[in-house]
Chemist: 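I have a structure here, written as structure tokens, and I will follow up with some questions on it.
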Amino acid sequence: MSDSNVRPATPKDAAAIILLRQNTDPANPEVFWVKRSDKLAFLGGFHAFPGGQIDADDAEVAVRNAPNPETAAMISGAARELFEELGVLIVRGGETLTKGQRVSLLDDLEAGRMTWSALLKHYELYLDARDFTFVGRWVTPPFNVRRFDTWFFLVTCPPKQEPNVIAGELASGEWLTARDAYDRWLQDQVVAVPPTLHALRTLADGISPDLVERFLAIPEAHGRPERRITFRPNYICFPVRTPTRPPATHTCCYLVYNSKEILIFDPGSPYEEEQEALAACVDEMIAEGCTVREIILTHLHPDHVGGVNALKSHLGGNVPVAAHAQTAEALTDVHVDRFFKDNDVITIEGEPRIQLRVLHTPGHALGHLCFHDADRGVLMTGDNIVGLGSVLIDPPQGNMRDYLDSLERMRSLPNLTVLLGGHGPAIATPYQKIDEYISHRLERETNILNAVRDGITDPKEIVARVYTDVSPKAYGMAERAVIAHLEKLRDDGAV
Ligand SMILES: [Zn+2]
């Protein structure tokens with residue numbers, strides 16, 4: 001199969017600060033973590049450390065004792081982000097600044113009256129690299145279209161300064177021990193990315209002379225993108241490169257596991273090196289004592305099933321494949337051994353016990369399935385809801401009325417805390433995201449209905465009038481969606 005021409009996005013420079021409490025207990029250190037605002041497009045609702053993208057002006061700041069200009073710019077950007085997000089200023093020469101003076105400096109910066117570099121210069125403040133301990137550089141894996149190459153610095157909160165979440169990018173923040181923070185993740189209370197979890201685990205083992213060494217002991221801390229992404233315990237997201245629909249370049253294969261068994265969802269890559277990487281991950285888990293119970297398919301699309309046969313033969317051919325009967329019927333190259341019906345329950349015994357309820361959720365495809373872990377608040381959404389890009393409803397597999405019904409059904413599930421979709425990162429704002437999807441479709445429907453009432457009947461003309469927010473390149477797909485909307489309106493008796 002030919003390679004896709006779509007290249008992953010280039011990572012942008014970013015920096016983040018892991019803020020340690022002053023005089024914290026080295027055996028059980030406290031850190032300040034934040035919850036990102038639900039409104040943010042990048043990792044909204046995630047727990048993380050303060051930080052953000054580097055500005056051009058950050059490099060204008062002279063940083064004493066920095067080993068090179070690149071490190072200086074990263075330190076400067078990290079310090080600015082910390083100041084902007086939490087009001088904590090890590091500078092020298094500013095020890096006598098009062099709280100009120102810091103607030104007024106922040107106001108100058110936020111209002112754009114002064115740039116960061118000009119502000120430091122004006123008040124004769126300076127940054128010193130010795131206040132910032134480099135503890136790793138993490139690159140967002142290529143399955144996300146928003147990618148960052150983030151430098152992490154460990155910093156001790158200065159005396160008489162207290163972080164204060166400034167409304168905007170962050171929803172909240174708090175001091176807590178790294179151990180408690182990590183436990184909260186283990187208890188399914190938060191969603192976080194690998195560098196955050198790595199930092200918490202490392203600090204939970206205490207501040208020792210080899211702390212930095214422990215931070216840097218894995219290749220991911222040196223810019224190698226993580227392949228096994230655990231947004232949640234017992235759920236590995238293993239994105240594989242696929243010939244999928246832009247902006248996505250990858251499909252999320254999921255490995256749901258416990259001490260005994262593994263379920264593998266949507267091994268979708270037709271590319272050999274991606275299949276090998278997934279097989280190596282599965283082999284490692286098998287070596288740790290797990291067996292593969294089943295390969296499960298959310299739906300029939302090639303970017304979700306392209307690696308099934310390769311994985312099956314790698315595993316000796318005996319692992320069954322399970323899917324909805326309508327998926328099985330439509331697949332010619334993949335044999336399905338077991339059919340799921342709506343409300344079937346998959347239980348994997350072991351530690352911890354995991355139960356997934358199968359939801360038949362047609363709309364994107366006839367036999368589309370979602371999987372609901374009610375104990376953990378996890379919903380695996382396949383292509384019904386994705387972490388990036390949009391969902392295509394393309395008749396006859398696609399059906400708009402079914403799709404909206406499926407979204408409503410997902411919306412009605414209690415206690416959802418995370419959505420794991422077929423493309424892009426996890427979604428930590430489940431109900432907000434489902435509502436967005438529903439209102440987006442209903443808005444389109446209203447506009448299409450108005451166009452029809454104005455006498456426009458050709459789907460191409462409807463696209464030109466209604467899809468003013470999409471590029472003409474996507475008109476072909478929009479036309480399919482218009483047909484799906486018209487079918488629904490016809491079935492509803494509206495046209
Ligand atoms: Zn699909």
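Order of listing sets the numbers, starting from 1, for every ligand and every atom in it.
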Chemist: Measure the shortest side-chain to side-chain distance between D149 and W138 over non-hydrogen atoms and say whether it is less than 4.5 angstrom.
Modeler: no

Chemist: Does C253 reach the side chain of P239, with side-chain heavy atoms less than 4.5 Å apart?
Modeler: no

Chemist: Among all residues two or more places apart in sequence or in another chain, which pass the ring-ring contact (aromatic ring centres under 6.0 Å, His included) test with Y235?
Modeler: none

Chemist: How many N, O or S atoms of the protein are nearer than 2.8 Å to the Zn ion (ligand 1)?
Modeler: 4

Chemist: Above 12 or not: heavy atoms from other molecules or residues under 6.0 Å from CD of Q189?
Modeler: yes

Chemist: Run the ring-ring contact (aromatic ring centres under 6.0 Å, His included) test against F42 and tell me which residues pass, sequence neighbours left out.
Modeler: F148

Chemist: Which residues pass the side chain to side chain contact (heavy atoms under 4.5 Å, CB included) test with A16, sequence neighbours left out?
Modeler: T150, F152

